[in-house]
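In this text the structure is predicted, and so the values were computed from the model without any measurement.
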There are 2 protein chains.
Amino acid sequence: MKLPITVSESSREPIYYQIETQLKSLVISGQLTTGALLPSIRALSSELSCSVITTRRAYQNLENDGFIETVQGKGTFVKDVGQQVKTETKESVAFTYIDKLLKDLQMLGFSDMEIDNMLDKALTKWKGGKHHE
Amino acid sequence: MKLPITVSESSREPIYYQIETQLKSLVISGQLTTGALLPSIRALSSELSCSVITTRRAYQNLENDGFIETVQGKGTFVKDVGQQVKTETKESVAFTYIDKLLKDLQMLGFSDMEIDNMLDKALTKWKGGKHHE
DNA sequence: TATACTGTATATATCAATATACACAATATA
DNA sequence: TATATTGTGTATATTGATATATACAGTATA
């Protein structure tokens with residue numbers, strides 16, 4: 001099972017955190033359903049060209065947060081996450097992301113109108129080009 | 001001279017990098033002009049409740065990138081950055097930020113229309129509430 | 001019962017952040 | 001006009017977080 005997860009070497013966020021965040025997104029968005037078997041830490045570390053310890057740490061943090069469950073020798077599985085928790089988490093995370101973007105763009109010196117225009121343009125391009133990349 | 005710089009303790013980006021990024025934004029947005037004296041590494045570290053070494057590292061990286069210049073015993077000053085470089089950097093950085101947001105929102109499972117609506121709403125709120133915070 | 005797959009634990013290297021002592025430049029003041 | 005003081009940036013040593021390789025242990029299956 002190959003998951004749509006990527007890590008950026010140039011990002012300053014820890015690799016384990018990049019993995020953790022994306023896996024959490026896959027769970028709360030429903031792309032990974034309850035009981036699903038996740039890739040083994042070895043398979044994932046090979047896929048992402050990182051250490052087993054790094055994928056392990058991501059899994060462990062998610063287990064501590066109640067999103068997944070690991071069983072020695074068997075594998076790691078998605079736990080049941082209530083629909084309400086999913087929705088609330090999604091919206092909360094989305095708000096945080098958007099808010100940060102607006103702050104960053106303002107600090108770069110863009111006006112409200114410029115921000116508006118850039119977002120419009122980016123969205124149009126995004127909708128059109130998403131499936132060809 | 002108090003600069004509009006903040007560091008987030010919960011962010012997983014290194015503190016020196018948060019400072020570096022925001023200072024660079026202030027320079028390329030023109031909010032800090034050529035020759036301007038930056039706060040001393042001690043003043044800034046005190047303001048941000050971090051170590052002198054951390055602010056120092058941000059300044060040093062910016063010096064290596066040609067944005068500022070430090071003089072032993074005197075202080076740190078903004079270097080002359082060409083208008084073209086400023087504009088290009090601004091647009092490039094903005095594009096990177098927006099692209100990342102769209103990717104993140106998609107991974108959270110939002111549809112194009114939902115993303116559109118969320119951004120619209122956030123922008124409206126942003127324009128209205130910006131000056132009251 | 002061998003082997004091939006799971007997750008787990010230990011030790012090591014590098015990066016991020018810190019406190020503290022050092023060196024250079026401007027300035028107040030005796 | 002010395003020189004003490006206070007402001008700059010700089011260098012060293014130490015702690016904690018991040019990432020790694022490698023050896024260990026549990027589980028399923030050929």
> Any side-chain donor paired with an acceptor under 3.5 Å for A/E91 and A/T87?
Replying inline: no
> Out of C/dG7, D/dT10, D/dT20, which has the shortest distance to the side chain of A/C50?
Replying inline: D/dT20
>> Can you identify which nucleotide, out of C/dG7, D/dG9, D/dT20, has its nearest atom closest to the A/T54 side chain?
In response: D/dT20
> Roughly, in whole Å, what's the span from CZ in B/R56 to C1' in D/dA11?
Replying inline: 9 Å
> D/dA17 P sits how many Å from A/Q18 CD, rounded?
Replying inline: 20 Å
> How close or far is atom P of D/dT6 from atom CD of B/Q72, stated in whole angstroms?
Replying inline: 19 Å
>> Heavy atoms from C-beta onward define the side chain here; which of D/dT8, D/dC24, D/dA21 lies closest to that of A/I53?
In response: D/dA21
> Is any side-chain N or O of B/S40 closer than 4.0 Å to OP1 or OP2 of D/dT8?
Replying inline: yes
> Should C/dA30 form a Watson-Crick or G-U wobble pair with both distances under 3.5 Å, which nucleotide is its partner?
Replying inline: D/dT1
>> Given C/dA16, D/dG9, C/dG7, identify the nucleotide with an atom nearest to the side chain of B/P14.
In response: C/dA16
>> Counting only side-chain heavy atoms from C-beta out, which of C/dA16, C/dT18, D/dT8 sits nearest to B/R57?
In response: C/dA16
>> Would you say that more than 12 heavy atoms from the other residues, nucleotides or ligands in this model lie under 6.0 Å from the CD of A/Q84, or not?
In response: no
>> Using whole Å, what does the distance between atom P of nucleotide D/dA21 and atom CD1 of A/I15 come to?
In response: 11 Å
> Crowded around B/E9 CD? As in, over 12 foreign heavy atoms under 6.0 Å?
Replying inline: no
> DNA chain C: A/Q60 or A/G73, which has the more 5' nearest nucleotide?
Replying inline: A/G73
> Quick one: A/N61 CG to C/dT8 P, roughly how many Å, whole number?
Replying inline: 13 Å
> Would you say the base of D/dG9 and the side-chain of B/R42 have a donor-acceptor pair closer than 3.5 Å?
Replying inline: yes
> Hey, mind stepping through B/E88 and B/S92 against side chain to side chain donor-acceptor pair (under 3.5 Å) and telling me if it holds?
Replying inline: CA-CA 6 Å; B/E88 283 170 359; B/S92 158; over 6 Å; no
> Among D/dT20, C/dA17, C/dA21, which nucleotide sits nearest the side chain of B/Y16?
Replying inline: C/dA17
>> Against the six-membered ring of A/F110, is B/K90 placed for a cation-pi contact (under 6.0 Å from the centre, within 45° of the normal)?
In response: yes
> Nearest-Å distance, CG (B/L38) to P (D/dG9)?
Replying inline: 9 Å
>> Check this one for me: any side-chain N or O of A/T76 less than 4.0 Å away from OP1 or OP2 of C/dT6?
In response: no
> Could you state the CD-P distance from B/E9 to C/dA16, rounded to the nearest angstrom?
Replying inline: 15 Å
> When the nearest nucleotide of DNA chain D is assigned to A/K74 and to B/R12 on a heavy-atom basis, which residue is associated with the more 5' position?
Replying inline: B/R12
> Roughly, in whole Å, what's the span from CG in A/L44 to P in C/dT6?
Replying inline: 12 Å
